[in-house]
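Numbers for residues simply follow the sequence, beginning at 1. Atoms within a ligand are numbered from 1 in the order they appear, just like the ligands themselves.
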Amino acid sequence: MSSYFPATRPRRLRRNEHLRSMFQEAEFSLDDLVLPIFVEEGIDDFVPIKTMPGVNRIPESKLASEIERYARAGIRSVMTFGVSHHLDETGSDTWNDNGLVARMSRIIKDTAPQMVVMSDTCFCEYTSHGHCGVLHGHEVDNDATLINLGRQAVVAAQAGADFIAPSAAMDGQVQAIRSALDAAGFSQTSIMAYSTKFASALYGPFREAGGTALTGDRKTYQMNPMNRREAVRESLLDEQEGADAIMVKPAGAYLDIIRDIREASRLPLAAYQVSGEYAMIKFGAQAGAIDEARVMRESLGAIKRAGADLIFTYFAMDIARDGI
Ligand code: PBG
Ligand code: ZN
């Protein structure tokens with residue numbers, strides 16, 4: 001009797017909340033989340049970032065108390081971005097051993113030694129032109145920038161950073177940083193490589209948050225968003241250069257890339273839900289179009305499902321406060 005009764009009924013496993021949660025495949029927890037923070041020197045009060053509702057620049061003088069609050073809420077790790085008042089042509093404040101990069105890690109480690117500190121390692125927030133390295137004419141000089149990345153990495157490691165996280169998108173940056181760290185005696189400092197970083201329009205709000213001076217774009221060093229094979233190639237290069245973990249950035253519009261890299265490498269893989277992704281959810285919810293809490297969780301769960309182990313997200317404190 002060929003019948004109109006379906007042979008298989010996936011709906012059986014969806015009949016109630018218990019069944020649905022038993023058969024849920026992907027999930028994320030607070031252990032998987034890293035909170036990126038913006039720390040500004042020389043100010044006394046929090047500065048709200050208008051394009052990222054709920055996110056503030058933290059005055060350096062209040063960093064310790066903020067970190068205490070995060071630690072109490074259960075945050076495991078932060079990524080530090082400095083908002084500098086000491087800009088110059090090369091971003092030399094980043095390798096001053098009492099510059100903002102060093103002070104951020106030192107303050108955090110003095111306040112909460114268990115907090116895993118990832119030091120974003122770039123120059124764009126410290127250069128007068130806003131590019132991610134040494135500018136020669138209209139070109140960012142790759143190899144001159146590598147030397148400065150090595151200097152900054154050593155200073156951050158000395159200040160206590162657990163991870164150096166190079167985001168400058170220079171060729172060979174992981175190898176340059178690894179050898180600078182090893183030569184300075186920091187063989188235990190890890191590298192979280194921004195290994196596949198696209199030249200994305202989704203970084204828009206970050207430019208306000210970090211106060212970067214850039215006019216123009218980063219397309220000669222960051223990747224073309226349309227390139228899938230090259231995306232895998234870039235992450236595999238960083239693996240060969242000695243990265244401890246690799247990353248795809250942005251996350252939500254690049255889930256195919258996360259999956260490709262998950263299958264091509266055995267390294268831990270992170271994904272960065274960037275400022276524009278955060279802003280779209282916040283403003284969409286403010287306009288009444290979507291449910292913020294649900295879309296936030298759906299977006300983070302989808303990034304895990306695609307294959308990420310860790311997620312950098314500005315929602316980390318929301319999850320810490322309200323639960324999964
Ligand atoms: C700069 C840097 C950027 C981000 C992290 N590091 C911006 C850029 O490359 O232009 C983006 C983070 C975000 O948008 O949330 N090296
Ligand atoms: Zn940069």
Atoms of ligand 1 less than 4.0 Å from [X] heavy atoms?
X    : answer
Q222 : 8 (C), 9 (O)
K249 : 2 (C), 3 (C), 4 (C), 5 (C), 6 (N), 11 (C), 12 (C)
R207 : 8 (C), 10 (O)
F81  : 5 (C), 6 (N)
R218 : 8 (C), 9 (O), 10 (O)
C122 : 16 (N)
C124 : 1 (C), 16 (N)

[atom]: which protein heavy atom is closest, and how many Å away?
atom                    : answer
atom 12 (C) of ligand 1 : F206 CD1, 3.3 Å
atom 2 (C) of ligand 1  : K197 NZ, 3.4 Å
atom 14 (O) of ligand 1 : S275 OG, 2.7 Å

>> Taking distance alone, with N or O pairs closer than 3.5 Å, would you say Q273 contacts ligand 1?
In response: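 No, no N or O pair falls under 3.5 Å.
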
What I want to find out is whether [X] reaches [Y] closely enough, with some N-O distance under 4.0 Å, to be called a salt bridge.
X    : Y    : result
E60  : R103 : yes
K62  : D45  : yes
K304 : E27  : no
D110 : R106 : no

In terms of the angle between their ring planes, are [X] and [Y] parallel, tilted or perpendicular, with boundaries placed at 30° and 60°?
X    : Y    : value
Y194 : Y272 : tilted
F315 : Y278 : tilted
F38  : F81  : parallel

>> Just so I know, are the side chains of D309 and R262 near enough to count as touching, which here means a heavy-atom distance under 4.5 Å?
In response: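 They are in side-chain contact.
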
> With the Zn ion (ligand 2) at the apex, how many degrees lie between SG of C132 and SG of C122, rounded to 10 degrees?
Replying inline: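 Value returned, to the nearest 10°, is 110°.
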
>> Is there a continuous path of hydrophobic side-chain contacts, each under 4.5 Å between heavy atoms, that joins Y126 to I147?
In response: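 As far as the 4.5 Å side-chain criterion goes, I147 and Y126 are not connected within one cluster.
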
>> Can you tell me which portion of S167 lies within the under-4.0 Å heavy-atom range of ligand 1? Options are side chain, backbone, both, or neither.
In response: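 Both of them.
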
> Do K197's NZ or CZ and the ring of Y203 fall within the cation-pi criteria of under 6.0 Å and 45°?
Replying inline: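 K197 over Y203 ring: yes.
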
>> Just to check, does E125 reach to within less than 4.0 Å of ligand 1 when the distance is taken from its heavy atoms?
In response: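 E125: no contact with ligand 1 (<4.0 Å).
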
> Touching ligand 1 at all, F312? Heavy atoms, strictly under 4.0 Å?
Replying inline: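 Distance cut 4.0 Å: F312 fails for ligand 1.
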
> Among Y314, Y203, Y278, which residue places a heavy atom closest to atom 15 (O) of ligand 1?
Replying inline: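 Heavy atom nearest to atom 15 (O) of ligand 1 belongs to Y314.
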
